[in-house]
Amino acid sequence: MTDTTKTTNQQWGGRFSEPVDAFVARFTASVEFDQRMAKQDIQGSVAHAKMLTSIGVLTEEERDQIIQGLSEIEEEIQRGEFEWSIELEDVHMNIEARLTQKIGITGKKLHTGRSRNDQVATDIRLYMRDEVDFLLEEVTRMQQGILSLAEKEAHTIMPGFTHLQTAQPVTFGHHLMAWYEMAQRDYERLVDCRKRINILPLGAAALAGTTYPIDRFMTADLLGFERPTYNSLDSVSDRDFAIEFTAAASVIMMHMSRWAEEMVMWASAQFNFIFLPDRFCTGSSIMPQKKNPDVPELVRGKTGRVYGHLMSLLTLMKSQCLAYNKDNQEDKEPLFDTVDTLKGSLRAFADMIPAIESRKDNMYEAARRGFSTATDLADYLVRQGVAFRDAHEVVGKAVGYGVKEGKDLSEMTLEELKGFGTMIEQDVFDVLTLEGSVAARDHIGGTAPNQVLLAVERAKTELHARLA
């Protein structure tokens with residue numbers, strides 16, 4: 001026999017002739033996950049009550065009763081004393097029911113001129129605005145960690161790679177500043193995303209607005225929104241901002257996953273470029289020597305989780321007619337998990353990156369292998385009047401000889417080098433050293449240590465202005 005609830009839901013049950021099935025009540029309820037928006041729901045309700053008072057729907061005494069009651073409910077929630085009910089479906093109806101229980105019929109007046117549709121849309125935006133602000137702080141903290149390490153490693157030579165093959169020598173500081181630039185774009189994407197979050201849908205009601213003479217600009221101002229939305233149908237059904245945030249989060253996770261991949265490789269015995277502090281690693285249950293880079297590995301793994309949430313939200317919205325549909329309840333769990341995953345990943349990296357230690361000698365030795373100064377030799381020949389394509393061929397032959405003889409270009413004698421081009425002179429060794437190669441690229445964005453330090457200073461100035 002089908003189990004049913006004992007009573008019809010009193011919040012909307014007037015039209016129904018039988019109670020909701022107990023399974024259906026659980027299946028359709030969202031309170032288990034949307035209760036995290038309780039603070040924002042109360043915040044929105046306080047602003048709504050103040051606006052209703054300004055247009056004469058509530059008296060000042062009723063407004064004060066509502067605000068006091070909501071304040072007490074928020075304290076109950078903070079103390080963990082609030083009793084959440086699945087029968088009341090969601091965070092909104094739980095709070096409204098408790099308010100009515102506390103202050104009587106006045107609590108029922110609070111919902112005048114609004115619907116759960118525009119209420120939840122407002123709560124999500126308030127919640128996401130708060131979370132984006134926190135995430136911006138974490139991205140900034142991570143950037144500060146990157147800058148701290150980059151400044152320390154501005155002169156540390158390492159191989160630069162393309163196709164994971166040794167390409168040209170760079171410095172570890174220069175490589176880290178590439179991470180910084182990626183994080184800077186991440187910061188800017190979140191800032192831009194926040195602009196579209198910060199629009200108020202409250203007042204759209206269920207889908208068509210309300211007959212009450214509400215002041216939506218007042219409500220927007222009270223809640224710190226830039227402005228109210230301009231179309232009631234779009235207001236309650238828009239989840240673009242959630243998709244956009246999850247897309248921005250996916251890019252951030254993609255960036256951190258790339259860094260994680262490098263850290264995992266660099267910390268391995270095969271590379272041994274960096275040392276990760278023990279507090280960010282774990283051991284093996286069977287192999288006593290193992291030190292596993294679990295933090296970067298987990299961030300790399302969690303990236304796919306966030307990608308999945310982006311696809312979930314895109315799929316959720318792709319077939320919905322205007323306006324609100326129950327489907328939209330499914331936006332919260334992927335959105336909330338994206339927030340939680342990104343917050344954890346950013347915190348881990350912000351803590352870990354400045355604690356990384358370089359293995360300078362191993363990096364330097366790796367840069368010596370793979371003929372990383374070959375391009376510098378070609379540029380040298382061009383300066384001697386050789387066309388670049390011809391210089392490219394000459395250097396290619398020199399590299400072929402080096403591979404055969406087991407010699408790097410810098411290890412060849414002048415006589416050996418002259419065998420490939422008579423215009424080569426003693427000064428060629430100035431560009432064949434790793435230090436000379438790195439220092440020669442002395443332009444904005446280049447690898448020269450002084451350019452790396454200048455890039456660090458520029459970034460510090462930007463961060464200082466951001467934090468001022």
Side-chain angles (χ1 to χ4, degrees), residues 150 153-179 181-182 258-259 261-262 265-266 268 270-274 358-455:
E153 304 291 351
H155 293 83
T156 302
I157 292 176
M158 69 175 292
F161 300 97
T162 63
H163 307 275
L164 203 54
Q165 305 297 311
T166 299
Q168 291 178 277
V170 297
T171 69
F172 188 29
H174 186 68
H175 193 113
L176 289 165
M177 287 306 293
W179 291 8
E181 292 296 323
M182 296 156 79
R258 293 179 69 185
W259 308 344
E261 177 75 3
E262 291 180 329
M265 288 193 303
W266 293 347
S268 70
Q270 289 69 32
F271 276 78
N272 197 19
F273 281 5
I274 62 171
S358 66
R359 295 288 189 249
K360 293 179 173 60
D361 291 344
N362 294 336
M363 287 183 168
Y364 190 90
E365 182 57 32
R368 288 183 67 248
R369 299 191 298 269
F371 304 95
S372 63
T373 58
T375 304
D376 298 280
L377 178 56
D379 291 341
Y380 171 87
L381 293 173
V382 170
R383 288 193 292 272
Q384 304 304 310
V386 181
F388 182 80
R389 284 302 172 198
D390 293 334
H392 188 285
E393 183 176 358
V394 168
V395 176
K397 290 178 179 178
V399 169
Y401 172 81
V403 171
K404 181 179 178 182
E405 297 296 322
K407 286 184 176 182
D408 185 69
L409 293 172
S410 62
E411 295 172 330
M412 296 180 190
T413 65
L414 180 59
E415 288 71 26
E416 285 175 308
L417 290 170
K418 275 184 169 291
F420 302 102
T422 57
M423 72 295 295
I424 298 176
E425 299 295 343
Q426 185 66 36
D427 62 349
V428 72
F429 292 103
D430 294 337
V431 301
L432 292 183
T433 64
L434 297 177
E435 291 81 1
S437 173
V438 167
R441 294 187 286 279
D442 190 9
H443 54 77
I444 187 168
T447 61
N450 67 292
Q451 290 293 339
V452 174
L453 292 171
L454 285 171

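Computed from a predicted structure; not experimentally measured.
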Quiz prompt | Full working for side chain to side chain contact (heavy atoms under 4.5 Å, CB included) between Val170 and Met158 | solution = CA-CA 6 Å; Val170 297; Met158 69 175 292; 3.7 Å; yes
Exercise. Mind running side chain to side chain contact (heavy atoms under 4.5 Å, CB included) on Phe271 and Met363 for me, showing each step along the way?
Key: CA-CA 8 Å; Phe271 276 78; Met363 287 183 168; over 6 Å; no
Practice problem: Evaluate side chain to side chain contact (heavy atoms under 4.5 Å, CB included) for Glu416 paired with Lys407, printing each intermediate quantity in order. | Solution: CA-CA 11 Å; Glu416 285 175 308; Lys407 286 184 176 182; 3.0 Å; yes
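In this structure, Trp179 CH2 and His174 NE2 are separated by 14.0 Å, a value rounded to the nearest 0.5 Å. Atoms OG and CD1, on Ser358 and Ile274 in that order, are 9.5 Å from each other to the nearest 0.5 Å. If you take CG on Asn272 and CD on Glu365, they are separated by 12.5 Å, rounding to the nearest 0.5 Å. We find the CG-CD distance between Leu176 and Glu153 to be 7.5 Å, quoted to the nearest 0.5 Å. Separation of atoms CE (Met177) and CG (Leu454) is listed at 10.5 Å; rounding is to 0.5 Å. To the nearest 0.5 Å, atom CG of residue Asp361 and atom OG1 of residue Thr156 are 10.0 Å apart.
For the residue pair Ala366 and Pro159, the shortest heavy atom distance occurs at CB-CG, 3.9 Å. Between Ala374 and Val395, the closest heavy-atom pair is O-CG1, 3.5 Å. In terms of heavy atoms, Leu417 sits closest to Ile424 at O-CD1, 3.4 Å. Nearest heavy atoms, Ala378 versus Phe388: CB-CE1, 4.2 Å. Taking each heavy atom of Val452 and Gly173 in turn, the nearest pair found is CG1-C, 3.8 Å. Taking both residues in full, the closest heavy atoms of Ala391 and Val386 are given as N-CG1, 3.6 Å, listed atom of the first, atom of the second, then distance.
Between His175 and Trp266, the ring center distance clears the sub-6.0 Å criterion. Between Phe172 and Phe273, the gap from one ring centroid to the other reaches at least 6.0 Å.
Put simply, the side chain of Asp408 does not reach to within 4.5 Å of the side chain of Arg369, judged on heavy atoms. Counting heavy atoms from C-beta on, the side chains of Thr373 and Leu434 come closer than 4.5 Å. Within the 4.5 Å cutoff, the side chain of Thr166 has no heavy atoms near those of the Phe371 side chain. Between Val394 and Asp390, every side-chain heavy-atom pair lies at or beyond the 4.5 Å cut-off. Two residues are said to be in side-chain contact when any heavy atoms from C-beta on lie closer than 4.5 Å; Glu435 and Asp430 fail this criterion. Met412 has its side chain within reach of Leu409: a pair of non-hydrogen atoms, C-beta onward, lies under 4.5 Å apart. Side-chain atoms of Leu414 and Gln426, non-hydrogen and from C-beta on, do get closer than 4.5 Å to each other. Residues Glu393 and Lys397 form a side-chain contact, since some pair of their non-hydrogen atoms from C-beta on lies under 4.5 Å apart.
Side chain of Glu405 to backbone of Gly402: no donor-acceptor contact under 3.5 angstrom is found.
Few gaps surround NZ on Lys418; more than 12 heavy atoms of other groups in view lie less than 6.0 Å from it. Counting heavy-atom neighbours within 6.0 Å of Asp427 CG, excluding the residue itself, gives a total above 12.
No donor-acceptor contact under 3.5 angstrom links the side chains of Ser372 and Gln168, judged on distance only. Judged purely by distance below 3.5 Å, without hydrogens or angles, the side chains of Glu425 and Tyr380 never pair a donor atom with an acceptor atom.
Salt-bridge formation is not detected for the pair Asp379/Arg441: no Lys NZ or Arg NE/NH1/NH2 atom is positioned less than 4.0 Å from an Asp or Glu carboxylate oxygen. A salt bridge is absent between Glu262 and Arg258; no separation between the charged side-chain nitrogens and carboxylate oxygens falls under 4.0 Å.
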